[in-house]
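Please read all numbers here as calculations on a predicted model, not as lab measurements.
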Amino acid sequence: MTQITLRTAVVVPFILIFMITMGSIITVQKFSYEEMVEVVSDKHLTSLTTNVVQKLNYYLEEPFQAALSISHSIGQNNLYQKDNLEVIEKYILSSFESLYQPMSQLGVISFGSEAKEYLGFRKEANNDYSLMLQDNRTDGKLVIYQGNAITPQARAIIDNYDPTVRPWYTPVATHGKATWSSIYTDADERQTITISALAPVIQDEQFVGVIANDIKIHTFNAFLKELKQRTKATIYIFDNEQQLVTHSSDKSVVSWGTPITDKGERLLAIESNNPIIYAMAQFIRPLAFPVQSRLYKFDLVLEGERYFSLVTPYTDHHGLEWYIGVSISEPDLLGALPNNQRLSWSIGIFVSAIGIALGLLAFNRITQPITETAQSARALAYGDWETNMPKPGRIYEISVLVNAFNDMTNNLKASFQTLRNQLLYDSLTNLYSREGLIDCCDKLPALNGSLLLIGINQFRNINDSIGHNRADLLLKDITHRVKQLFNNDAYIARIGGDEFAVYLTEGHDNNELKLLANRVHQVFASPFVMEKNSLVINAAIGVVPNNSELLSMEKWLRNGSIALSNAKHELSNISFYLPEMADISKNRTAMMAKLQTAIENNEFVAFYQPIIDLNTGDVIGAEALARWISPQEGLISPLDFIPIAEEYGFIAEIGEQILRQACRDTMLGTQQGKWGETFHMHVNISAHQLSHQDFINTLTDIISESGIQTHNLTLEITESRIVSGDKIVLDNMQAIQDLGCHIAIDDFGTGYSSLAYLHELPFDCIKIDRTFVEQMKANNLDSSIVSAIINMTKGMKVDIVAEGIETIEQVQMLNSLHCPQGQGFLYSRPVPFEEWPTHLVNIEQ
């Protein structure tokens with residue numbers, strides 16, 4: 001069989017050359033076209049905007065100058081007389097008829113006085129005028145007459161009309177200069193959307209009222225509609241709130257008859273029925289308004305057509321800030337050129353596609369064996385070891401590749417089988433791994449059994465105490481006991497370092513499952529003998545009863561993990577999964593993530609609560625308490641994060657941050673004179689910190705960095721955390737005293753310490769738990785727990801601090817028991833260092 005080389009067989013350079021050539025031509029044409037479109041659209045949009053600006057200047061400036069002229073004439077000629085608007089009435093009507101009648105946009109000329117009088121003339125459709133009057137002649141009511149004089153016939157009568165609070169009056173009354181009003185709805189029966197040119201009336205150097213020339217904004221629509229008919233461009237004007245002012249379409253800029261009010265409300269641009277205005281508004285909506293001297297040019301695609309758009313700020317000398325939006329479609333701008341361009345591109349792409357197809361056809365016939373080899377390689381990658389390999393063919397390189405793949409397949413089969421065993425089985429206990437349990441259980445016909453998750457409490461501390469090697473032996477002993485407890489129908493797995501899963505294929509009710517969980521506790525009740533030491537281990541058990549909705553072992557294990565986490569907080573150490581636990585678990589997981597971020601960002605700060613000498617009232621120390629100040633949520637209660645931090649091992653890092661800050665603040669407080677040289681700073685130390693081998697090194701570094709005197713530092717250790725007799729804990733306590741620091745046993749009375757055991761511990765202070773202080777009663781004071789603790793520790797030569805003092809009566813009872821020190825809300829709540837209360841230098845009893 002004659003063979004040829006792959007390089008000789010596969011000759012396809014022409015395909016690449018063809019593709020590059022056609023692609024280059026199309027790219028150059030597209031670039032040139034887009035460059036031309038950019039120039040043409042810029043010029044056209046700018047020209048349209050300039051036309052609108054010029055027309056708008058004329059449209060607005062004439063009424064504004066008229067308002068200035070009228071206000072000047074009234075002031076100069078002293079035409080205003082309080083309670084008599086007849087002179088102004090004649091003057092304004094004469095001016096409107098003779099001078100300003102040609103201004104089609106001018107709808108009303110009016111005058112409002114400080115005395116809440118009002119006079120106005122409204123131009124009607126027939127070029128006649130309607131008088132609007134409110135003075136002593138109308139009994140203080142606003143009357144809109146059918147003609148330009150007072151007649152018995154009135155169009156409308158409005159009670160309680162106050163011109164001084166109208167949008168056309170208040171800007172001038174506030175600032176005393178000519179300006180534009182905001183766009184508002186008229187108070188008359190027509191409720192026209194209006195903007196007013198405003199001018200103050202100054203008579204005898206006193207502000208007496210306002211001239212308002214009302215411009216009917218909708219009249220500008222006619223110009224914009226005519227411009228659209230000539231240019232095909234859509235044009236609209238909007239204000240800083242992105243509300244429509246006017247536009248080139250037939251639709252109104254006002255929404256009438258809303259359920260809330262009968263008045264017209266101006267639409268936002270984004271509420272427009274015009275799709276082009278709506279699309280432009282969508283684009284500019286995120287922009288910050290107002291903006292000055294900045295053009296926004298952008299393209300839109302609407303219903304397959306590209307639109308070139310420009311938004312231009314419009315301002316005048318009187319404080320008006322509007323924006324002009326112009327948009328025109330590509331066909332309206334360039335005629336048939338876009339379609340011709342697309343046609344040429346389509347022809348080029350079609351020709352290119354034919355050429356590429358012919359090239360690929362030739363290439364495919366030559367390289368078919370390579371394609372089959374690639375498909376076989378992909379099947380192998382997905383674990384299909386039975387896939388058919390392609391025949392060598394007539395090409396030398398392919399025959400070499402096929403033979404190499406056959407050899408590689410045999411080698412990989414053996415390797416993957418070994419890896420699979422390592423993945424599915426735990427190498428230490430030979431139980432299923434988590435993946436192995438999921439794999440074998442998901443192959444069962446149905447998952448209609450029950451699941452128990454067994455977690456070893458405080459296994460991390462056990463691991464640190466006895467070492468990793470002996471901890472591994474302990475796990476093997478635990479495995480042996482668990483396997484003896486369950487029959488062969490159960491699937492047992494080690495799914496984590498200290499967690500075991502038992503899936504029971506047979507259904508059990510809740511009572512039976514609880515009995516099984518109690519039997520597990522009984523198995524762990526017997527001590528585990530490790531060489532010469534005996535260990536008593538406690539286990540928490542999460543139980544997931546039969547649930548037909550759980551179709552995969554992954555979900556069973558997830559629910560079991562939630563139940564196990566809850567069991568660690570239960571007195572019985574047994575918890576049955578309930579659906580509502582998932583939300584609690586999510587909250588705890590979210591809190592864990594927040595805690596990690598807070599530790600990285602140093603969001604934990606020390607608050608200080610003073611410790612008082614109950615005999616003298618002097619402040620002799622303070623306790624540093626961890627507080628979490630989140631940038632998003634503010635101050636977070638310690639009850640919300642301390643338990644989770646302790647459970648998941650964050651408490652050591654938080655405690656170290658608080659210890660560093662407390663030592664620095666102690667030095668600063670001493671230097672500033674807040675605290676004396678004998679001041680004692682109490683800082684809580686967690687069991688995680690105290691049981692760590694490097695804790696003393698960390699403490700030494702903090703003392704050195706802060707410069708604190710060791711006799712000023714007292715470390716508080718919760719009583720229940722030191723009764724286990726952990727050698728590392730006891731050694732670290734002795735090392736703390738050797739450094740010159742003090743040790744206080746916190747929450748004393750809540751643990752299990754015997755008097756004999758206390759004598760063996762190195763400590764300098766006892767803090768009586770607040771619950772015992774709250775329980776004190778004057779009638780049985782001598783038999784109280786506080787009295788017992790004070791009497792029990794008399795011979796120990798240690799300080800005693802009563803926590804949780806909130807009333808003077810408690811202070812008096814503690815004094816009668818000769819308790820020397822105390823702290824609580826009576827004296828001060830925990831506060832930041834900067835807010836330390838200076839009045840606490842001495843507190844009188």
Would you say that more than 12 heavy atoms from the other residues, nucleotides or ligands in this model lie under 6.0 Å from the [atom1] of [X], or not?
{"X": "His480", "atom1": "NE2", "value": "no"}
{"X": "Asn601", "atom1": "CG", "value": "yes"}
{"X": "Lys483", "atom1": "NZ", "value": "no"}
{"X": "Gln672", "atom1": "CD", "value": "yes"}

Not counting sequence neighbours, which residues clear side chain to side chain donor-acceptor pair (under 3.5 Å) with [X]? List them please.
{"X": "Gln657", "result": "Asn602"}
{"X": "Glu512", "result": "none"}
{"X": "Thr670", "result": "none"}
{"X": "Ser630", "result": "Gln632"}

Sequence-distant partners of [X], ring-ring contact (aromatic ring centres under 6.0 Å, His included), two or more places apart:
{"X": "His742", "value": "His680"}
{"X": "Phe695", "value": "none"}
{"X": "Phe679", "value": "Trp675"}
{"X": "Tyr503", "value": "Trp556"}

For the residue pair [X] and [Y], establish whether any side-chain heavy-atom pair is separated by less than 4.5 Å.
{"X": "Pro638", "Y": "Arg627", "answer": "yes"}
{"X": "Leu817", "Y": "Asn815", "answer": "no"}
{"X": "Leu557", "Y": "Leu437", "answer": "yes"}
{"X": "Val523", "Y": "Val482", "answer": "no"}
{"X": "Ser637", "Y": "Asp640", "answer": "yes"}
{"X": "Leu690", "Y": "Ile736", "answer": "yes"}
{"X": "Gln823", "Y": "Pro610", "answer": "no"}

Spell out, as yes or no, whether a donor-acceptor pair under 3.5 Å connects the side chain of [X] to the backbone of [Y].
{"X": "Asp618", "Y": "Ile620", "answer": "no"}
{"X": "Ser704", "Y": "Thr700", "answer": "no"}
{"X": "Lys674", "Y": "Phe833", "answer": "yes"}
{"X": "Asp764", "Y": "Ile743", "answer": "yes"}
{"X": "Glu835", "Y": "Val831", "answer": "no"}
{"X": "Thr479", "Y": "Thr429", "answer": "no"}
{"X": "Glu600", "Y": "Thr597", "answer": "no"}

Which is it for Tyr608 and Asp665 under the side-chain contact (heavy atoms from CB on, under 4.5 Å) test, yes or no, and what are the steps along the way? CA-CA 10 Å; Tyr608 302 103; Asp665 287 347; 2.5 Å; yes
Is it true that [Y] and [X] share a donor-acceptor pair across their side chains at a distance under 3.5 Å?
{"X": "Glu623", "Y": "Gln609", "answer": "no"}
{"X": "Asn712", "Y": "Glu677", "answer": "no"}
{"X": "Thr771", "Y": "Glu774", "answer": "no"}
{"X": "Asp426", "Y": "Tyr432", "answer": "no"}
{"X": "Gln522", "Y": "Asn518", "answer": "no"}

For Asp694, give me all partners under side chain to side chain contact (heavy atoms under 4.5 Å, CB included), at least two apart in sequence or on another chain.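 In terms of side chain to side chain contact (heavy atoms under 4.5 Å, CB included), with neighbours along the sequence ignored, Asp694 is linked to His692, Asn697.
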Lys797 meets the side chain to side chain contact (heavy atoms under 4.5 Å, CB included) criterion, sequence neighbours left out, with none
Is NZ or CZ of Arg558 both nearer than 6.0 Å to the six-membered ring centre of Tyr577 and within 45° of the ring axis?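 Relative to the ring axis of Tyr577, which defines the angle, Arg558 lies outside at least one limit.
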Kindly compute the distance separating [atom1] ([X]) from [atom2] ([Y]), expressed to the nearest 0.5 Å.
{"X": "Leu564", "Y": "Leu452", "atom1": "CG", "atom2": "CG", "result": "10.5 Å"}
{"X": "Thr793", "Y": "Ile768", "atom1": "OG1", "atom2": "CD1", "result": "7.0 Å"}
{"X": "Thr678", "Y": "Gln709", "atom1": "OG1", "atom2": "CD", "result": "12.5 Å"}
{"X": "Met792", "Y": "Ser787", "atom1": "CE", "atom2": "OG", "result": "11.0 Å"}
{"X": "Ile696", "Y": "Gln693", "atom1": "CD1", "atom2": "CD", "result": "10.5 Å"}
{"X": "Ile537", "Y": "Ser526", "atom1": "CD1", "atom2": "OG", "result": "11.5 Å"}

Could you go through Leu699 and Leu715, starting from their C-alpha distance and side-chain angles, then the distance that decides it, and tell me whether this counts as side-chain contact (heavy atoms from CB on, under 4.5 Å)? CA-CA 10 Å; Leu699 176 62; Leu715 301 182; 3.9 Å; yes
Here the salt bridge (charged side-chain N to carboxylate O under 4.0 Å, His left out) pairs for residues 648-662, sequence neighbours left out, are Glu656-Arg660, Arg660-Glu705
Pair Leu595-Phe604, side-chain contact (heavy atoms from CB on, under 4.5 Å): steps then yes or no: CA-CA 10 Å; Leu595 279 171; Phe604 294 95; 3.6 Å; yes
Can you run down the ring pair (Phe, Tyr, Trp, His ring centres under 6.0 Å) pairs that involve residues 794-814, sequence neighbours left out, and say none if there aren't any? none
List the steps, then state whether salt bridge (charged side-chain N to carboxylate O under 4.0 Å, His left out) holds for Glu554 with Arg434. CA-CA 9 Å; Glu554 185 72 34; Arg434 180 185 183 91; 3.6 Å; yes
Measure up the Trp628 and Phe641 rings against each other and bin them: parallel (under 30°), tilted (30 to 60°), perpendicular (over 60°). perpendicular
Does the distance from a Lys or Arg side-chain N to an Asp or Glu carboxylate O, for Arg494 and Glu499, drop under 4.0 Å?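 No.
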